[in-house]
Amino acid sequence: MVVGRVGPGEVARNWPVPGGVWLTVRLVEEVVLRLEELLFPSIADVAVLSVAVNDEAARIEARSTVAGAICPGCGSWSRRIHSSYLRFLADVPSGGRRVALCLRVRRFLCPVISCGRRTFAEQVPGLTRRYGRRTERLRSTLAAVGLALAGRAGARMARVFGVSVSRSTVLRLVDALPDPEVPAPRVVGVHEHATRKGRHYGTVLVDVESRRPVDLLPDREASSLAAWLAKRPGWRRSAAIVHRSSLKVPRPGHHRRCRWRTGGIFGTT
């Protein structure tokens with residue numbers, strides 16, 4: 001089934017009036033506009049050419065309607081088209097069917113001679129990115145699943161709604177997310193943690209009030225903590241530092257008495 005192409009015979013059955021060609025064009029335009037609002041609600045510069053649907057998948061042919069593009073190398077605006085090609089992207093499934101976006105992408109010539117890029121391909125903001133094989137909304141959906149369920153469970157949940165993806169891909173999408181903006185805590189707890197007990201130790205910084213980790217330092221030296229605070233002058237002024245010594249946490253190698261059912265022995269923590 002192809003949506004977006006209406007023959008004159010269908011229009012003549014529904015509207016048997018003179019000027020059937022004009023009605024056909026008007027009907028096709030209305031269908032295309034509704035498809036664009038349905039498929040790309042937040043993207044204004046994409047035109048839908050056709051939609052082909054079968055029992056397993058839906059194929060959407062589209063193109064960008066912007067007259068030019070900005071060179072990623074020098075930031076110059078270009079309208080000179082060098083060539084074009086088809087780009088295939090996976091999109092969020094719809095109605096239990098896989099959705100494949102067939103996007104006509106233009107390659108532009110950079111107008112600046114000194115620019116290192118002679119040609120560059122256009123990107124549609126909110127829809128594509130360089131070397132991406134998924135649309136931005138599918139990437140954000142898989143990243144949200146990965147944040148909630150992590151790798152293996154996230155990959156299994158993605159298969160439920162029709163996206164075949166590996167756990168490594170889910171974790172890679174989560175790792176590519178930008179770090180969230182963390183407000184300056186009022187009280188920061190500083191404690192050491194073991195990456196390998198008895199050999200390698202680091203420093204963990206915790207928001208004492210919310211009990212959430214703030215950052216991890218690769219060692220437990222005071223100079224590392226001072227350098228970390230120097231990069232965040234606002235935090236240093238507004239936060240009180242609580243060291244592990246004031247929290248009464250035993251140091252590595254400190255001996256304390258451990259009581260076991262078999263008798264009293266000395267352990268090392």
Side-chain angles (χ1 to χ4, degrees), residues 1-17 19-70 79 81-108 120-146 154-155 157-166 169-170 173:
M1 180 180 66
V2 178
V3 181
R5 297 174 182 172
V6 183
E10 181 179 352
V11 177
R13 290 195 301 270
N14 295 331
W15 294 280
V17 294
V21 176
W22 181 83
L23 288 177
T24 302
V25 175
R26 181 68 178 273
L27 180 58
V28 170
E29 290 179 353
E30 292 180 356
V31 171
V32 170
L33 288 176
R34 291 183 179 180
L35 283 174
E36 293 173 0
E37 294 176 357
L38 176 64
L39 299 173
F40 309 104
S42 60
I43 303 173
D45 300 326
V46 174
V48 176
L49 303 179
S50 66
V51 179
V53 182
N54 56 31
D55 295 337
E56 297 181 356
R59 178 190 173 99
I60 304 170
E61 295 183 6
R63 64 177 179 86
S64 175
T65 58
V66 182
I70 298 177
R79 293 173 176 262
I81 298 177
H82 176 270
S83 59
S84 64
Y85 63 95
L86 292 177
R87 184 176 179 181
F88 299 92
L89 303 168
D91 200 2
V92 178
S94 176
R97 297 181 177 90
R98 294 180 289 103
V99 176
L101 177 61
C102 179
L103 185 65
R104 172 66 64 176
V105 179
R106 295 166 295 178
R107 182 172 289 277
F108 291 88
F120 61 93
E122 64 177 340
Q123 302 294 335
V124 181
L127 184 62
T128 65
R129 67 172 58 187
R130 291 188 66 192
Y131 307 116
R133 301 176 64 182
R134 301 176 181 86
T135 60
E136 289 298 291
R137 55 187 173 189
L138 180 57
R139 286 178 60 93
S140 61
T141 301
L142 293 176
V145 172
M157 180 58 67
R159 296 189 191 99
V160 171
F161 57 81
V163 179
S164 179
V165 65
S166 65
T169 301
V170 174
L173 293 176

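Just so it is clear, the structure is predicted and the values come from calculations on it, not from any experiment. Position 1 is the first residue of the sequence; numbering continues from there.
Minimum interatomic distance between V170 and G146 (heavy atoms only, all atoms of both residues): CG1-CA, 3.4 Å. The two residues R79 and A67 make their nearest non-hydrogen contact at NH1-CB, 3.2 Å. The two atoms that bring L138 and A90 nearest to each other are CD2-O, 3.4 Å, heavy atoms only. Contact between V105 and A121 at its shortest, heavy atoms only, is CG1-CB, 4.2 Å. Contact between L142 and A158 at its shortest, heavy atoms only, is CD2-CB, 3.9 Å. Nearest heavy-atom pair across A44 and T65 is O-OG1, 4.4 Å.
Side chain of E122 to main chain of R106: a donor-acceptor pair is present (N/O by atom type, distance under 3.5 Å, no hydrogens or angles). At distances below 3.5 Å, at least one donor-acceptor pair connects side-chain atoms of R87 with backbone N or O atoms of G132.
The distance from the CZ atom of R130 to the CZ atom of F120 is 11.5 Å, given to the nearest 0.5 Å. Interatomic distance, CZ of R104 versus OG of S64, reported as 13.0 Å (0.5 Å rounding). With rounding to the nearest 0.5 angstrom, the CZ atom of F108 is 12.5 Å from the NE2 atom of H82. One distance of note links CG of L101 with CG of L86; it measures 10.5 Å at 0.5 Å rounding.
Using a 4.5 Å heavy-atom cutoff, the side chains of V124 and L103 are in contact. Taking 4.5 Å as the limit, some side-chain heavy atom of R63 sits within range of a side-chain heavy atom of L49. Side-chain contact check for F161 versus V92: every heavy-atom pair is 4.5 Å or farther apart. At a threshold of 4.5 Å between non-hydrogen side-chain atoms, the residues P93 and R98 do not count as touching.
In this structure, the salt bridge (charged side-chain N to carboxylate O under 4.0 Å, His left out) partners of R59, at least two apart in sequence or on a different chain, are E61. The side chain to side chain donor-acceptor pair (under 3.5 Å) search around T169 returns S166, R172, not counting sequence neighbours.
With a 6.0 Å radius and a threshold of 12 heavy atoms from other residues, nucleotides or ligands, I70 has its CD1 atom at or below the threshold. Heavy atoms of other residues, nucleotides or ligands lying less than 6.0 angstrom from CZ of R133 number 12 at most.
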Test side-chain contact (heavy atoms from CB on, under 4.5 Å) on D45 and F40; report intermediate values, then the result. CA-CA 9 Å; D45 300 326; F40 309 104; over 6 Å; no

Just do the side-chain contact (heavy atoms from CB on, under 4.5 Å) check on T128 and L89 with the steps written out, would you? CA-CA 8 Å; T128 65; L89 303 168; 3.4 Å; yes

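Contact check on R129 versus E136 returns a salt bridge, with a Lys/Arg side-chain nitrogen under 4.0 Å from an Asp/Glu carboxylate oxygen.
For the residue pair T135 and D91, a side-chain donor N or O sits within less than 3.5 Å of a side-chain acceptor on the partner.
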